[in-house]
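These notes concern the structure reproduced below.
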Amino acid sequence: MIEGYAVPDFVSDFWHYYIAALTILGIVFSVWVLKSQTTRKLAPGEQAETLHPTWDGDLQELNNPLPRWWMWLFYALVVFGIIYLVLYPGLGKFQGVFNWSSASQYNDEKTRVDAQFDRVFQPFLEQDPMAIAADPAARAMGRNLYMTYCSQCHGSDARGARGFPDLTDNLWLFGGTPEEIRDSIVNGRMAEMPPMGDAVGGEAGAREVANYVLAMGGKPHDAALAAAGREKYAACAGCHGEDGKGIPAAGFPNIVDDAWQYGGSEADIVASIMKGRKGGMPAFQNMLGDAKIHLLTAYVWGLGGGVKPAPASVAEEAPVMESGAAAAAQQ
Ligand code: HEC
Ligand code: HEC
């Protein structure tokens with residue numbers, strides 16, 4: 001069921017009656033017009049009256065009644081309209097005897113198709129994503145799903161683009177274990193950083209902090225600016241940590257590694273500070289369901305950057321390989 005679709009658009013019954021009444025009156029009016037215009041037949045031998053004007057001297061327009069077959073066609077249309085309104089929605093919020101709606105038709109079709117897919121996908125639900133990543137047939141299915149639902153943003157090669165993370169490397173914003181990848185897909189990621197320009201004293205202050213961030217990451221930087229930025233970095237430490245390593249599990253990225261979502265040049269970092277940033281990874285739980293998400297998790301994990309979960313959680317599962325890179329290499 002799609003939320004919001006099957007709910008009538010009318011907030012009070014007034015509009016329901018108003019529209020239903022207009023529709024019925026419209027039909028009654030049509031019948032009346034039809035009848036008033038078509039009851040008269042020419043008496044035998046009677047000449048149809050001539051309408052003005054005459055064109056070109058000898059072209060005349062005669063006021064003949066409608067041919068009967070044509071008139072009956074109009075009546076048939078009215079009857080058709082009434083039958084339609086009884087069977088299908090059209091009278092205000094009256095659903096029609098068939099109780100049909102485009103949303104319910106969509107849902108029926110989706111349920112039917114999902115049932116077919118589930119037969120194929122369901123068996124994988126019991127398997128560990130890391131095992132699935134090693135199965136070429138499952139990877140092919142995962143790839144099809146990826147191309148359909150994910151490639152628009154993460155690219156057909158999954159290498160991402162500015163603002164859209166690369167899913168093939170072993171640098172993760174939110175973690176690369178099967179559980180963490182699954183969580184990214186299920187709940188989406190909408191990590192948000194407010195614009196911080198005011199907190200660091202505008203563009204100039206942002207440059208200082210950016211150089212301090214670069215310095216913490218051991219990257220080329222301007223030492224004088226970085227020194228000036230050290231104190232101002234206090235405004236960032238609450239989210240990105242004193243050491244800049246962030247709290248990935250909470251969606252606060254590490255800003256001292258090489259995994260940049262929006263770019264790691266001084267100018268990029270200044271832009272992140274001045275404008276703020278907001279991720280746009282939609283949640284897929286409702287749209288895809290467990291089985292597809294499970295296959296996708298395995299597929300993304302196997303793209304090359306998959307991280308093995310900490311030993312405790314692996315113990316009773318079936319670890320099959322060293323890493324996602326090994327899975328990718330196997331095919
Ligand atoms: C509308 C664009 C969009 C679509 C579609 C999309 N993503 Fe994302 N995805 C993003 C963005 C943007 C981020 C980063 C979110 C953030 O920074 O808060 C992201 C983050 C992720 C992450 C976390 C990456 C990391 O480094 O931790 C994973 C995993 C992921 N997406 C997988 C998928 C999969 C699988 C699909 C298909 C089912 C998909 N995405 C579809 C935009 C998208
Ligand atoms: C309220 C928490 C918060 C504060 C305060 C904050 N950030 Fe962020 N920052 C985030 C989040 C969340 C993201 C990820 C946004 C996304 O995924 O779209 C982010 C992203 C970034 C990025 C982009 C990382 C990339 O991979 O491209 C940079 C750079 C950054 N922050 C630097 C800073 C600096 C410097 C400060 C201090 C001036 C700061 N942030 C203050 C939460 C915060």
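For ligands, and for the atoms within them, numbers begin at 1 and follow the listed sequence. The figures that follow rest on heavy atoms only: side chains count, while hydrogens, waters and symmetry mates do not.
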When you compare the side chain of [Y] with that of [X], does any pair of heavy atoms fall below 4.5 Å?
X      : Y      : answer
Cys153 : Met281 : no
Pro129 : Trp301 : no
Trp172 : Leu167 : yes
Pro123 : Phe121 : no
Leu173 : Arg189 : no

Using a 4.0 Å cut-off to any heavy atom of [X], which atoms of ligand 1 qualify?
X      : answer
Leu296 : 38 (C)
Ile185 : 35 (C)
Ser184 : 22 (C), 23 (C), 28 (C), 29 (C)
Cys153 : 1 (C), 2 (C), 3 (C), 4 (C), 5 (C), 42 (C), 43 (C)
Phe284 : 5 (C), 38 (C), 39 (C), 41 (C)
Gly163 : 12 (C)
Val300 : 35 (C)

With heavy-atom distances below 4.0 Å as the criterion, list the atoms of ligand 2 near [X].
X      : value
Ile269 : 29 (C)
Ile273 : 34 (C), 35 (C), 38 (C)
Phe252 : 2 (C), 12 (C), 42 (C)
Ala259 : 26 (O)
Gly279 : 16 (C), 18 (O)
Val209 : 35 (C)
Val200 : 38 (C)
Pro253 : 11 (C), 13 (C), 14 (C), 19 (C), 20 (C)

Neighbour count >12 (heavy atoms, 6.0 Å) for atom [atom1], [X]:
X      : atom1 : answer
Lys278 : NZ    : yes
Asp108 : CG    : yes
Phe14  : CZ    : yes
Asn187 : CG    : yes
Gln285 : CD    : yes
Lys275 : NZ    : no
Glu231 : CD    : no
Tyr75  : OH    : yes

If I apply the N/O under 3.5 Å rule, does [X] come out as touching ligand 2?
X      : answer
His240 : yes
Cys239 : no
Tyr262 : yes
Glu192 : no

Treating Asn107 as the side-chain partner and Ala103 as the backbone partner, does any N or O pair qualify as donor plus acceptor under 3.5 Å? yes
Hydrophobic cluster membership, [X] vs [Y], 4.5 Å side-chain cutoff:
X      : Y      : value
Met196 : Val256 : yes
Met190 : Phe164 : no
Trp69  : Phe74  : yes

Top protein contact for [atom], by heavy-atom distance:
atom                    : value
atom 15 (C) of ligand 2 : Ala191 O, 3.6 Å
atom 37 (C) of ligand 2 : Cys236 SG, 1.8 Å
atom 23 (C) of ligand 2 : Ser272 OG, 3.6 Å
atom 38 (C) of ligand 1 : Cys150 SG, 2.7 Å
atom 26 (O) of ligand 2 : Gln261 N, 2.7 Å
atom 25 (C) of ligand 1 : Leu173 N, 3.3 Å

Going by heavy-atom distance to [atom], choose the closest among [options].
atom                    : options                        : answer
atom 5 (C) of ligand 2  : Gly264, Gly238, Ala235         : Ala235
atom 31 (N) of ligand 2 : Met190, Met193, Glu208         : Met193
atom 41 (C) of ligand 2 : Met274, Arg162, Met196         : Met196
atom 12 (C) of ligand 2 : Gly251, Pro195, Pro165, Gly229 : Gly251

Kindly confirm whether atom 8 (Fe) of ligand 1 is within less than 2.8 Å of some N/O/S atom in Met281?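 Checking Met281: at least one N, O or S atom is under 2.8 Å.
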N or O pair under 3.5 Å between [X] and ligand 1:
X      : value
Ile181 : no
Leu167 : no
Phe174 : yes

Contact check, His154 vs ligand 1, heavy-atom distance below 4.0 Å: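 Yes, that is the case, since the closest heavy atom of the residue is under 4.0 Å from the ligand.
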Do the rings of Tyr149 and Phe284 sit parallel, tilted or perpendicular, given the 30° and 60° boundaries?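 The rings of Tyr149 and Phe284 stand perpendicular, inter-plane angle above 60°.
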Here's one to test your reading of the geometry: is the NZ or CZ of Lys232 within 45 degrees of the ring axis of Tyr212 and under 6.0 Å from its centre?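 The answer is no, since Lys232 fails at least one limit relative to Tyr212.
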